[in-house]
> 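What follows is a single structure, and I will ask about it in a moment.
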Amino acid sequence: MKAVVITTAGGPEVLQLQQVNDPEIKDDEILIKVEATALNRADTFQRNGSYPPPKGASPYLGLECSGTIQAVGKDVSRWKVGDQVCALLNGGGYAEKLAVHGGHVLPIPPGVSLKDAAGLPEVACTVWSTVFMMSRLSAGETFLVHGGSSGIGTFAIQIAKNKGATVLVTAGSEEKLAFCKKLGADVCINYKREDCVARAKEETGGKGVDVILDCIGASYLQRNLDSLNFDGRLFIIGFQGGAVTEIKLNTLLPKRLTVQGAALRPRSTENKAMVVSEVEKNVWPAVAAGKVKPIIYKSFPLSEAGEAHRLMESSEHIGKILLVP
């Protein structure tokens with residue numbers, strides 16, 4: 001099969017489409033003929049050498065995919081050859097075929113094309129596990145997501161609105177903010193021109209928001225804490241603004257704040273399967289009803305993976321970027 005290979009750590013130019021060996025499946029895995037894979041920011045970090053794949057993972061990039069099942073391990077009972085599915089991956093999506101644990105696979109929701117479904121697993125599992133399973137966002141609460149026009153952001157807006165929350169977003173252009181508004185965001189903040197803390201307080205009657213999903217990290221940490229309501233929950237899923245900073249601990253105690261962090265990829269096989277199951281139960285009905293949709297910005301052939309990475313690193317896109325074998 002063909003797969004995109006990182007020839008050496010570096011920029012987008014190090015990605016090359018090469019002929020490689022087909023994957024072999026274990027008893028608890030399925031083999032998928034890939035229809036599409038979607039880019040994630042972690043792919044760019046792995047490419048430049050700062051985010052090595054976990055032990056036992058595919059050496060190839062790609063944390064989610066959609067496609068058709070070509071083979072099934074003997075311990076897999078739910079899926080059969082010919083099923084059209086999407087999946088959460090440890091890696092391997094930038095290829096024509098891949099092996100994945102049977103518990104990390106989801107059916108294609110009604111109304112979503114096989115190709116577009118490639119943009120759902122990582123964002124759905126990330127947002128549901130962090131914002132809802134761990135931060136317990138509930139109807140009537142206020143939710144702030146940074147990078148509202150990203151893949152994570154566009155999904156978070158839709159599912160939070162569907163579950164009855166008031167949604168605030170930040171983004172860096174009026175075009176991106178307008179798109180977030182169209183998706184259902186109640187308050188859109190241009191972080192380049194406005195004070196996010198002041199706007200969050202203003203829009204909540206001085207209280208602050210209940211839950212924040214943050215991909216920036218260090219440079220936003222104190223501002224995030226200042227933006228939270230009593231019993232507020234901050235969830236950090238990225239370090240685009242650095243990983244080391246100082247905070248004022250006297251911000252945490254009086255307001256009883258909670259700060260959490262998590263990543264999907266390092267989780268155990270069993271934990272991921274549990275998250276995938278919860279997503280199918282709680283998120284897939286909203287997708288099937290057309291209330292939550294994958295937002296696809298652009299598709300590239302697998303041979304142009306480098307160009308796709310350049311687009312992602314430019315941050316000019318809105319939603320997800322796909323690669324198609």
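Only this structure's heavy atoms are used, side chains among them; waters, hydrogens and symmetry mates stay out. Positions are given from 1 along the sequence.
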> Under 3.5 Å, which donor-acceptor pairs link side chains of residues 317-325 to any protein atom two or more places apart or in another chain?
| unit_1 | atom_1 | unit_2 | atom_2 | d |
| --- | --- | --- | --- | --- |
| Lys320 | NZ | Leu39 | O | 3.2 |
| Lys320 | NZ | Asn40 | OD1 | 3.1 |
| Lys320 | NZ | Glu64 | OE2 | 2.7 |

> Measure the CG-CZ distance between Asn229 and Arg256 for me, rounded to the nearest 0.5 Å.
9.0 Å

> Determine which pairs satisfy side-chain hydrogen bond (donor to acceptor under 3.5 Å, both in side chains) with at least one residue from residues 295-304, sequence neighbours left out, and list them in order.
Lys115-Ser299

> By side-chain contact (heavy atoms from CB on, under 4.5 Å), which residues pair with Pro266, not counting sequence neighbours?
Tyr51, Ala263

> How about NZ on Lys33, more than 12 heavy atoms from neighbouring residues, nucleotides or ligands closer than 6.0 Å, or not?
no

> Has Asp231 got more than 12 heavy atoms of other residues, nucleotides or ligands less than 6.0 Å from its CG?
yes

> Closest heavy-atom contact between Ala36 and Ala118?
O-CB, 3.4 Å

> Mind running side chain to side chain contact (heavy atoms under 4.5 Å, CB included) on Leu114 and Thr68 for me, showing each step along the way?
CA-CA 9 Å; Leu114 181 59; Thr68 304; 4.1 Å; yes

> Do other residues, nucleotides or ligands put more than 12 heavy atoms under 6.0 Å from Lys293 NZ?
no

> Check whether any side-chain N or O of Ser135 sits under 3.5 Å from a backbone N or O of Phe132 as a donor-acceptor pair, and report yes or no.
no

> What distance separates Ser268 OG from Met274 CE, expressed to the nearest 0.5 Å?
8.0 Å

> List the atom pairs, with distances to 0.1 Å, where a side-chain N or O of residues 235-251 and a protein N or O form a donor-acceptor pair under 3.5 Å, not counting sequence neighbours.
| unit_1 | atom_1 | unit_2 | atom_2 | d |
| --- | --- | --- | --- | --- |
| Thr251 | OG1 | Gln222 | NE2 | 3.0 |
| Thr251 | OG1 | Lys248 | O | 2.9 |

> Between Val145 and Leu221, is there a shared hydrophobic cluster once you connect ILVMFWY residues whose side-chain heavy atoms come closer than 4.5 Å?
no

> Could you see if Leu228 belongs to whatever hydrophobic cluster contains Leu144? Use Ile, Leu, Val, Met, Phe, Trp, Tyr and a side-chain cutoff under 4.5 Å.
yes

> Walk me through whether Leu257 and Arg233 qualify under side chain to side chain contact (heavy atoms under 4.5 Å, CB included).
CA-CA 6 Å; Leu257 303 182; Arg233 291 87 76 194; over 6 Å; no

> Between Glu203 and Ala200 (side chain of the first, backbone of the second, donor and acceptor by atom type, cut-off under 3.5 Å), is there such a pair?
no

> Could you work out, with side-chain hydrogen bond (donor to acceptor under 3.5 Å, both in side chains) as the rule, every residue matching His146, not counting sequence neighbours?
Thr170, Asn224

> Holding to side-chain hydrogen bond (donor to acceptor under 3.5 Å, both in side chains), I want the full list of residues that pass it with Glu29, two or more places apart in sequence or in another chain.
none

> Report the residues that fulfil side-chain contact (heavy atoms from CB on, under 4.5 Å) with Val76, sequence neighbours left out, ordered by chain and then residue number.
Ile30, Val72, Trp79

> Using the rule that Ile, Leu, Val, Met, Phe, Trp and Tyr join whenever any side-chain heavy atoms are under 4.5 Å apart, tell me whether Val34 and Leu302 fall into a single cluster.
no

> How many angstroms lie between CZ in Arg223 and CG in Asp214, if you round to the nearest 0.5 Å?
9.5 Å

> Quick one: are Val169 and Ile157 in side-chain contact, heavy atoms under 4.5 Å?
yes

> Side-chain heavy atoms nearer than 4.5 Å, only ILVMFWY residues, links allowed to pass through others: does that put Leu213 and Val283 together?
yes

> Step by step, work out the side chain to side chain contact (heavy atoms under 4.5 Å, CB included) result for Leu89 and Cys65.
CA-CA 8 Å; Leu89 311 173; Cys65 78; 3.9 Å; yes

> Quick one: list whatever passes salt bridge (charged side-chain N to carboxylate O under 4.0 Å, His left out) with Arg136, sequence neighbours left out.
none

> Find out whether Trp284 and Pro109 are in side-chain contact, i.e. whether some heavy atom of one side chain is under 4.5 Å from a heavy atom of the other.
yes

> Do Asp83 and Lys80 meet the salt-bridge criterion of a basic N to acidic O distance under 4.0 Å?
yes

> According to side-chain contact (heavy atoms from CB on, under 4.5 Å), who are the partners of Lys272, at least two apart in sequence or on a separate chain?
Leu88, Asn90, His104, Arg267

> I need the minimum non-hydrogen distance between Ile212 and Ser227, along with the two atoms involved.
CD1-CB, 4.1 Å

> How long is the gap from NZ on Lys176 to OG on Ser149, to the nearest 0.5 Å?
4.0 Å

> Is there a side-chain contact between Leu137 and Lys163 in this structure, where contact means two heavy atoms from C-beta onward sitting under 4.5 Å apart?
no

> Given side chain to side chain donor-acceptor pair (under 3.5 Å), test Thr142 with Asp210 step by step and report yes or no.
CA-CA 5 Å; Thr142 51; Asp210 298 302; 3.2 Å; yes

> Please list, chain by chain and in numerical order, all residues satisfying side-chain hydrogen bond (donor to acceptor under 3.5 Å, both in side chains) with Lys201, sequence neighbours excluded.
none

> Tell me every residue that passes side-chain hydrogen bond (donor to acceptor under 3.5 Å, both in side chains) with Glu174, counting only those two or more places apart in sequence or in another chain.
Asn190

> Does Glu316 offer a backbone N or O that forms a donor-acceptor pair with the side chain of Ser314 under 3.5 Å?
yes

> Locate the shortest heavy-atom distance separating Ala38 from Asp43; write the atom from each residue and the value.
O-OD2, 4.0 Å

> With a 4.5 Å heavy-atom cut-off, do Glu307 and Arg310 have their side chains touching?
yes

> Side chains of Ile32 and Gln70: does their closest heavy-atom pair fall under 4.5 Å?
no

> Are the side chains of Pro107 and Glu280 in touch, meaning some heavy atoms are under 4.5 Å apart?
yes

> Within a radius of less than 6.0 Å around NZ of Lys2, do more than 12 heavy atoms belonging to other residues, nucleotides or ligands occur?
no

> Go through the steps to decide whether Arg41 and Ser315 satisfy the test side chain to side chain contact (heavy atoms under 4.5 Å, CB included), and finish with yes or no.
CA-CA 10 Å; Arg41 189 69 63 168; Ser315 294; 3.4 Å; yes

> Counting N and O atoms only, with roles assigned by atom type, does the side chain of Lys181 sit under 3.5 Å from a partner on the main chain of Asp186, one being a donor and the other an acceptor?
yes

> Within the 4.5 Å heavy-atom criterion, are Val131 and Phe143 side-chain neighbours or not?
yes

> Please answer whether the main-chain N or O of Glu278 pairs with a side-chain N or O of Asn282 as donor and acceptor at a distance below 3.5 Å.
yes

> Rounded to the nearest 0.5 Å, what separates atom NZ in Lys255 from atom NZ in Lys207?
13.0 Å

> To the nearest 0.5 Å, how far apart are CG in Leu120 and OG in Ser66?
9.0 Å

> Are Glu313 and Arg47 ion-paired here, with the side-chain N under 4.0 Å from a carboxylate O?
yes

> Consider only side-chain heavy atoms of I, L, V, M, F, W and Y, link residues closer than 4.5 Å, and tell whether Ile296 and Ile159 are in one cluster.
no

> Looking at side-chain heavy atoms only, is the closest gap between Glu141 and Thr166 below 4.5 Å?
no

> Ignoring hydrogens and angles, write down the donor-acceptor pairs under 3.5 Å from the side chains of residues 3-18, residues two or more places apart or on other chains.
| unit_1 | atom_1 | unit_2 | atom_2 | d |
| --- | --- | --- | --- | --- |
| Thr7 | OG1 | Val14 | O | 2.7 |
| Gln16 | OE1 | Gln18 | NE2 | 3.4 |

